[in-house]
Amino acid sequence: MAAGNAARFGENKLAAMVNGKPLIEHALDAIPRESFSRVLVVTQHENVEAAAKKFGFETLRNEHPERGQSETIRLGTAALSDALCFMVADQPMLKRKTVAQELEFFRAHSKNIVGLGHNGVRGNPCIFPARFFPELLSLEGDVGGSAVIKRHLDDLLLFEALETELRDVDTKEALEALKKR
């Protein structure tokens with residue numbers, strides 16, 4: 001998921017530099033390509049498309065990012081058929097190994113929604129089995145998969161991760177705080 005307008009950040013945050021490379025490249029580095037049958041990056045940004053292609057990933061253009069998260073979710077969900085893993089593109093500390101371990105956990109619990117979490121608090125990425133696709137496809141506005149998760153809390157399992165890996169960069173202040181660590 002790399003199609004947001006980054007309203008709180010004030011500009012395309014995926015181009016912001018963290019430890020010498022753009023935020024989007026941190027996100028793409030965290031994807032264990034070998035663990036997925038297909039990797040699809042949904043975006044409105046040309047620089048994100050170029051980075052995704054450099055990593056060998058497919059891209060899908062979100063022509064209507066003003067419709068909110070639901071548009072990105074609909075596009076990605078409609079293009080896939082089995083289970084899907086929604087990853088946000090603004091968690092620069094997320095590790096590929098952690099995502100691969102989360103996927104293995106999901107494979108052992110494939111009827112459940114699986115999210116990364118820390119001390120019982122859910123974060124991202126989240127993996128949804130196909131049985132939740134109709135609900136994901138029906139989302140509207142700036143609403144994400146959390147709306148579906150909230151309706152199915154009994155189906156949610158958390159895979160424990162370090163709190164630092166779950167931190168996202170939504171504001172310039174959050175980016176500066178991250179750089180100071």
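The structure presented is a predicted model; accordingly, all values stated were derived computationally and were not measured. The first residue in the sequence is number 1, and the count goes up from there.
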Heavy atoms, side chains only, cut-off 4.5 Å: are [X] and [Y] in contact?
X      : Y      : result
Pro92  : Asn19  : no
Asn124 : Gln91  : yes
Phe55  : Asp29  : yes
Val88  : Pro125 : no
Lys54  : Glu25  : yes
Met87  : Leu94  : yes
Ile24  : Thr43  : no
Ile31  : Val99  : no

message = For Glu135, run the salt bridge (Lys or Arg N to Asp or Glu O under 4.0 Å) check against Arg74, Arg151, Lys150 and tell me which one passes.
response = Arg151
task = Run the salt-bridge test on Arg38 and Glu58 with the 4.0 Å N-O cut-off and return the result as yes or no.
result =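 Yes.
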I need the minimum non-hydrogen distance between [X] and [Y], along with the two atoms involved.
X      : Y      : value
Leu166 : Gly117 : CD1-C, 3.7 Å
Gly115 : Cys126 : CA-SG, 3.9 Å
Gln44  : Asn62  : CB-O, 3.6 Å
Glu71  : His64  : CG-O, 3.7 Å
Asp82  : Phe133 : O-CZ, 3.2 Å
Glu102 : Val114 : OE2-O, 3.3 Å

First locate atom [atom1] of [X], then atom [atom2] of [Y], and finally report the distance between them rounded to the nearest 0.5 Å.
X      : Y      : atom1 : atom2 : value
Glu34  : Arg96  : CD    : CZ    : 6.0 Å
Phe159 : Ile127 : CZ    : CD1   : 9.5 Å
Arg107 : Ser35  : CZ    : OG    : 5.5 Å
Thr164 : Met93  : OG1   : CE    : 6.0 Å
Leu162 : Arg167 : CG    : CZ    : 10.0 Å
Arg61  : Glu49  : CZ    : CD    : 4.0 Å

If only atom types and distance count, is the side chain of [X] paired as donor or acceptor with the main-chain N or O of [Y] below 3.5 Å?
X      : Y      : value
Asn112 : Leu156 : no
Arg33  : Phe36  : yes
Ser70  : Gly141 : yes
Arg131 : Lys111 : yes

Do [X] and [Y] land in one hydrophobic cluster if side-chain heavy atoms of ILVMFWY residues count as linked below 4.5 Å?
X      : Y      : result
Phe132 : Leu153 : yes
Phe86  : Leu137 : no
Val148 : Val143 : yes

request  = Apply side-chain contact (heavy atoms from CB on, under 4.5 Å) to the pair Phe128 and Ile149, showing each step before the final yes or no.
outcome  = CA-CA 9 Å; Phe128 292 83; Ile149 291 171; 3.8 Å; yes
inquiry  = As a quick check of understanding, evaluate side-chain contact (heavy atoms from CB on, under 4.5 Å) for Glu160 and Asn119, giving each step before the final call.
reply    = CA-CA 7 Å; Glu160 188 68 17; Asn119 287 337; 4.0 Å; yes
request  = Output, in order, the C-alpha distance, side-chain angles, deciding distance and verdict of side-chain contact (heavy atoms from CB on, under 4.5 Å) for Leu139 and Thr77.
outcome  = CA-CA 11 Å; Leu139 294 173; Thr77 302; over 6 Å; no
Flag if over 12 foreign heavy atoms under 6.0 Å of CD, Glu140 = no
inquiry  = Can you tell me if Lys21 has over 12 outside heavy atoms packed within less than 6.0 Å of its NZ?
reply    =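 Yes, because the 6.0 Å sphere around NZ of Lys21 holds more than 12 heavy atoms from other groups.
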